[in-house]
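In the text below, chain A, chain B and the rest are named by the order of the sequence lines, each starting its count at 1. Model, not experiment: these values are computed from the prediction.
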Protein chains: 2
Amino acid sequence: MVHSTADAGNRQVRPPTLTDRTIEAVREGIRAGTLVPGELYSVYRLADELGVSRSPVREALLRLAETGMVAFERNRGFRVVLPGARELTEIIAVRLALEVPAAERAAVRADAADRAALRTEYEAMQASVTAGDETAFLLHDQRLHTLLLELAGNAHVTRIIENLRDATRLVGASTIRKSRSLEDVYREHRPILDALDRGDAPAAGAAMRSHLESTGRLLLREAVGSGDDIGLMWTDLIE
Amino acid sequence: MVHSTADAGNRQVRPPTLTDRTIEAVREGIRAGTLVPGELYSVYRLADELGVSRSPVREALLRLAETGMVAFERNRGFRVVLPGARELTEIIAVRLALEVPAAERAAVRADAADRAALRTEYEAMQASVTAGDETAFLLHDQRLHTLLLELAGNAHVTRIIENLRDATRLVGASTIRKSRSLEDVYREHRPILDALDRGDAPAAGAAMRSHLESTGRLLLREAVGSGDDIGLMWTDLIE
DNA sequence: TCGCCATGAGTAACATGTTACTACCCTTAT
DNA sequence: ATAAGGGTAGTAACATGTTACTCATGGCGA
């Protein structure tokens with residue numbers, strides 16, 4: 001059984017730092033709509049909104065800037081960035097390259113406890129679908145993917161994907177609502193888990209590929225700018 | 001022709017910040033042996049060695065800590081970390097997953113100018129071999145790989161690999177000297193470039209895989225701790 | 001000789017102060 | 001009306017101050 005605490009770069013047994021808590025606060029603010037993409041904010045204002053000094057806030061935003069989630073503008077402020085079609089396509093390509101082999105590996109390594117944990121998340125997804133709670137749905141979707149990655153046993157891969165996910169979460173949230181395909185996304189995970197149960201590595205990989213490509217296309221369709229040629233970029237980076 | 005400036009997250013046309021310069025200074029310090037892995041340093045000391053305040057130094061080190069190059073210890077200082085066998089294996093696995101497809105893509109997209117640029121680096125590698133200059137060798141090796149990645153057209157992949165390389169550069173430097181296989185590593189690049197010239201994508205991918213696996217095993221042999229079972233980890237994460 | 005505890009030096013993490021720069025606004029001349 | 005220009009508010013980047021913690025060291029008793 002792979003422990004699920006996800007301590008890749010491992011920080012603290014001690015309480016999380018203010019920087020860590022600020023990172024979470026920003027993520028939450030974006031989820032909740034308090035921080036609007038494209039809008040200009042400042043470390044000053046955010047710092048006293050959160051009731052902390054500028055240092056941890058600045059550090060937190062710099063880390064988020066590394067993943068491309070926010071962008072600083074010198075002497076102006078920072079913005080929450082939502083990724084364009086190009087960036088989304090690139091991210092999907094990376095996820096395909098890393099998560100498909102991870103799924104294959106997971107199929108080989110999973111024991112009964114792992115499979116049970118995956119099922120739990122899967123059922124929680126189903127519950128979120130019927131409840132129409134897309135926030136919860138995305139949360140369990142993420143957890144399921146993360147569990148799979150941890151099963152594969154490569155902490156670097158887990159961290160990389162986690163970072164990329166951050167950059168896209170924003171698009172995902174607004175996308176799924178519109179296309180009301182929440183249930184479709186849910187269904188796509190079934191073949192993955194079934195293959196895991198059978199220990200069928202190739203099938204698990206194929207199912208994961210199919211899932212990522214499908215949701216990838218979905219994301220792109222929503223996030224596309226008029227100038228971007230999706231088909232061209234897709235074949236260029238993915239196929 | 002893909003432009004080689006590699007501005008993925010893109011910063012400034014303006015002069016680089018003190019933080020940026022500090023990051024480079026730390027990298028250089030490690031290369032030059034001024035900063036010894038495992039030794040305990042402090043932001044205080046490093047700051048006035050560099051003649052700047054603690055803020056940019058701290059920010060620089062935090063960024064390097066993200067990639068795993070250094071590690072902070074609360075109220076103690078920070079250390080330059082050299083990766084263990086486990087981490088090296090994980091990194092090799094990621095490089096295989098990303099750089100093999102990138103080589104295939106590059107084979108399709110490369111034009112005459114791209115191929116010429118690759119040849120230039122390749123010949124510079126050869127020159128470094130005969131000159132016995134391993135620093136220069138590693139530099140051109142890196143440039144060649146980066147060129148290939150940029151050719152593939154996925155800036156995220158380029159950035160990810162670049163970060164991983166940072167974590168391993170240290171091991172690579174000490175490794176190659178001992179095993180005096182500098183020339184072997186040089187030779188391994190030949191089939192890649194040949195395949196590129198023919199526009200033969202599968203061959204380019206296969207050559208890249210072979211190269212990464214070979215140098216990967218080399219790295220592991222040097223960096224291994226007595227308690228680590230290389231073979232087990234290798235099959236677990238790579239094959 | 002050995003263990004224990006107080007103490008102090010040194011640190012990361014956090015807070016606050018400073019600087020140089022940018023864009024915006026309002027005035028004024030054309 | 002429109003353009004030019006100076007002033008000002010607000011900012012990131014950098015510098016410095018403060019706090020709470022960790023660990024080594026040395027004295028002191030057994």
Side-chain angles (χ1 to χ4, degrees), chain A residues 7 9-27 29-30 34-81, chain B residues 7 9-27 29-30 34-81:
Chain A
D7 292 353
N10 201 338
R11 312 236 173 271
Q12 59 287 329
V13 181
R14 84 189 76 255
T17 67
L18 274 186
T19 300
D20 294 331
R21 275 186 274 166
T22 302
I23 288 179
E24 270 321 302
V26 171
R27 287 204 183 113
I30 293 174
T34 321
L35 291 172
V36 183
E39 212 69 20
L40 203 54
Y41 298 97
S42 86
V43 173
Y44 273 65
R45 277 186 283 161
L46 187 53
D48 60 39
E49 272 177 29
L50 296 176
V52 298
S53 82
R54 309 191 306 269
S55 302
V57 174
R58 178 173 162 81
E59 281 175 12
L61 288 168
L62 281 173
R63 277 210 235 169
L64 292 172
E66 287 250 311
T67 74
M69 206 176 183
V70 305
F72 274 89
E73 297 180 18
R74 164 121 186 178
N75 300 327
R76 298 262 296 144
F78 68 88
R79 299 178 198 276
V80 176
V81 179
Chain B
D7 292 352
N10 201 336
R11 311 238 174 268
Q12 61 285 329
V13 181
R14 84 186 77 254
T17 66
L18 275 184
T19 300
D20 293 330
R21 275 185 274 168
T22 301
I23 289 178
E24 271 320 303
V26 171
R27 285 204 184 112
I30 294 174
T34 321
L35 290 172
V36 184
E39 211 70 20
L40 202 54
Y41 298 99
S42 86
V43 173
Y44 272 67
R45 279 185 283 161
L46 187 53
D48 60 38
E49 273 177 28
L50 296 175
V52 297
S53 83
R54 309 190 308 267
S55 302
V57 174
R58 178 173 162 83
E59 281 176 13
L61 288 169
L62 282 172
R63 278 210 236 169
L64 292 171
E66 287 253 308
T67 75
M69 206 175 181
V70 305
F72 274 89
E73 297 179 19
R74 163 122 191 175
N75 300 328
R76 298 263 298 141
F78 68 89
R79 299 178 198 274
V80 176
V81 179

Next on the checklist: Between P on D:dG10 and CD on A:E39, what's the gap in Å once rounded to a whole number?
Outcome noted: 16 Å
Item to check | Interatomic distance where CZ belongs to B:F72 and C1' belongs to C:dC14 [whole Å] | outcome: 14 Å
Checklist entry - Which whole-number value in Å describes the distance from A:R58 CZ to C:dT16 P? => result 17 Å
Checklist entry - Using a cut-off of 4.0 Å on non-hydrogen atoms, how would the nucleic acid contact of A:E73 be classed: base, sugar-phosphate, or nothing? => result sugar-phosphate
Checklist entry - So, is B:T19 close to the D:dA13 phosphate, meaning a side-chain N or O under 4.0 Å from OP1 or OP2? => result no
Checklist outcome for this item: Side-chain atoms of B:R54 come closest, of D:dA20, D:dC23, C:dC14, to C:dC14
Item to check | Side-chain ion pair, B:R79 and B:E39, N-O less than 4.0 Å | outcome: no
Item to check | Flag, side chain of B:Y41 to backbone of B:V36, donor-acceptor distance under 3.5 Å | outcome: yes
Checklist entry - Can you find an N or O donor on one side and an acceptor on the other, under 3.5 Å apart, linking the side chain of B:S55 with the base of D:dA15? => result yes
Item to check | Residues touching DNA chain D, which here means a heavy atom under 4.0 Å, drawn from residues 43-51 of chain B | outcome: B:Y44
Checklist outcome for this item: Rounded to whole Å, CG of B:D20 lies from P of D:dA13 at a distance of 9 Å
Item to check | Whole-Å distance separating the CG atom of B:L40 from the C1' atom of D:dC23 | outcome: 11 Å
Checklist entry - So, B:E24 and B:R27, do they make that salt bridge, N to O below 4.0 Å? => result yes
Checklist entry - Under a 4.5 Å cut-off applied to non-hydrogen side-chain atoms, are A:R76 and A:L40 in contact? => result yes
Checklist entry - Just to confirm, is there a sub-4.0 Å distance from OP1 or OP2 of C:dT11 to any side-chain nitrogen or oxygen of B:S42? => result yes
Checklist outcome for this item: So OG of B:S42 and CD of B:E73: to nearest 0.5 Å the spacing works out to 12.5 Å
Checklist entry - Between C:dA12, D:dA12, D:dT16, which nucleotide has the shortest distance from any of its atoms to the side chain of B:F78? => result C:dA12
Next on the checklist: From CZ of A:R76 over to C1' of D:dA13, roughly how many Å is that when rounded to an integer?
Outcome noted: 16 Å
Checklist entry - Between D:dT22 atom C1' and B:N75 atom CG, what is the distance in whole Å? => result 6 Å
Next on the checklist: Using modelled atom types and a 3.5 Å cut-off, is there a donor and acceptor pairing between side-chain atoms of A:R54 and backbone atoms of A:Y44?
Outcome noted: no
Checklist entry - What distance do B:T19 atom OG1 and B:R58 atom CZ have between them, rounded to the nearest 0.5 Å? => result 12.0 Å
Item to check | Spacing between A:E59 atom CD and D:dC14 atom C1', to the nearest angstrom | outcome: 13 Å
